[in-house]
Structures are given as C-alpha cells and as structure tokens.
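What's counted below: heavy atoms across the whole structure, side chains too, no hydrogens, waters or symmetry copies. Counting from 1, the numbers follow the sequence of the chain as shown.
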Amino acid sequence: MLIAAAERICGLRERRLHDGLQGLYLCQPNLILLDSRLRGVQLRCVLAHEISHARHMDAGCRVDKWTERRADQEAAMMLIDPLEYAYAEAVYESNVVGMARELNVLPWVIMAYRERLHDDPRLVVQ
C-alpha cells in the first residue's frame with residue numbers, strides 16, 4: 001500500500017545509502033531513495049516519512065526541524081489507526097516501546113503521533 005502511494009507521486013529506488021541515511025527524497029528527479037538494507041517495520045516507517053517529503057517536494061536532506069517534524073507527523077498519521085492507537089495507549093499504559101511493537105511502527109512514530117494529537121486535540125479518540 002505504501003509502495004503504491006509512493007509510486008503514484010514519484011519514483012522509488014533502493015540502494016545502499018551511507019552516512020547513516022535510511023532514506024531520502026530528491027526533488028530533482030522526483031525520487032525516493034531507500035537504503036536496501038531496510039526491512040519490515042523500519043522500511044514502512046522510513047518510506048512513510050519520505051512520502052511526506054515527496055508530497056511537499058521538500059528540497060534537500062534534513063531541510064530543517066519543522067520540515068522533519070511535519071514529515072514525522074504525516075508518516076505517523078499514515079501508519080497508525082486512531083482506534084488501534086487508543087487501544088495500545090490503554091494496554092501499554094503509554095509505554096512507547098510496547099505501543100510501537102503493538103502498532104508495528106518504530107518508537108519515533110509513536111512520539112510523532114503524540115505530538116500531532118497535542119497539536120490537534122480533535123484527533124483524540126474518546
């Protein structure tokens with residue numbers, strides 16, 4: 001599903017990346033590059049983050065903290081179902097690692113989702 005979403009808006013390639021990069025979006029030539037060593041949860045989370053950059057056509061890698069924060073939050077909204085989040089929050093008593101395992105995401109995605117809920121309380125499931 002995420003791969004199809006990415007391919008609708010840009011190209012998608014895998015190759016071995018260096019300097020600690022797991023993924024990046026290149027505005028020209030409108031391409032997401034993912035590290036070929038990524039698998040499973042890590043691949044999903046990084047791809048969702050890069051899809052956000054592609055949707056906004058962000059220029060450059062790690063543009064600024066606000067752009068990265070937006071990409072993290074949009075990735076979290078792509079990956080987490082609100083009802084499942086509410087369940088995980090209740091079961092794991094806000095333990096980020098437990099919630100991440102339950103929701104099949106990385107812990108940074110949980111933190112970004114929480115920031116998004118803080119920014120827009122209307123998203124909270126009652």
Would [X] and [Y] count as having a side-chain donor-acceptor pair, cut-off 3.5 Å?
X	Y	result
His49	Gln22	no
Gln73	Tyr113	no
Ser36	Glu14	no

So, taking the atom named [atom1] in [X] and the one named [atom2] in [Y], what distance separates them when rounded to the nearest 0.5 Å?
X	Y	atom1	atom2	result
Cys45	Asn104	SG	CG	7.5 Å
Leu2	Glu50	CG	CD	12.0 Å
Met111	Leu106	CE	CG	13.5 Å
Glu102	Asn95	CD	CG	11.5 Å
Glu7	Ile51	CD	CD1	9.5 Å
Leu26	Leu33	CG	CG	5.0 Å

message: Set out, in order, the CA-CA distance, both residues' side-chain angles and the distance that settles side-chain contact (heavy atoms from CB on, under 4.5 Å) for Leu34 and Arg13, then state yes or no.
response: CA-CA 6 Å; Leu34 297 173; Arg13 300 283 182 274; over 6 Å; no
- prompt: Is there side-chain contact between Gln42 and Arg37, with at least one heavy-atom pair below 4.5 Å?
  reply: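 Not touching, per the 4.5 Å side-chain cut-off.
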- prompt: Donor-acceptor pair, Asp35 side chain versus Leu17 backbone, under 3.5 Å?
  reply: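 Present.
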- request: For Asp19 and Leu21, indicate whether the former's side chain and the latter's backbone hold a donor-acceptor pair under 3.5 Å.
  value: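 Side chain of Asp19 to backbone of Leu21, a donor-acceptor pair under 3.5 Å: no, none is there.
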Is [Y] reachable from [X] through a run of I, L, V, M, F, W or Y residues, each pair having side-chain heavy atoms under 4.5 Å apart?
X	Y	answer
Val96	Val91	yes
Met57	Ile32	yes
Ile3	Leu43	yes

- request: Could you give me the CA-CA distance, side-chain angles and deciding distance for Tyr85 and Asp81, then say whether side-chain contact (heavy atoms from CB on, under 4.5 Å) is met?
  value: CA-CA 6 Å; Tyr85 178 86; Asp81 176 89; over 6 Å; no
field: Neighbour count >12 (heavy atoms, 6.0 Å) for atom CD1, Ile9
entry: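 Counting neighbours around CD1 of Ile9, more than 12 heavy atoms of other residues, nucleotides or ligands fall under 6.0 Å, so yes.
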task: For Arg114, look at atom CZ and say whether over 12 heavy atoms of other residues, nucleotides or ligands are found less than 6.0 Å away.
output: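 Enclosed: over 12 neighbouring heavy atoms sit under 6.0 Å from CZ of Arg114.
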message: Restricting to non-hydrogen atoms, name the atom on Ser52 and the atom on Asp58 that form the minimum distance, rounded to 0.1 Å.
response: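 Closest heavy-atom pair between Ser52 and Asp58: O-OD2, 4.4 Å.
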Under-4.0 Å salt bridge between Asp72 and Arg116: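 A salt bridge is absent here (no side-chain N lies under 4.0 Å from a carboxylate O).
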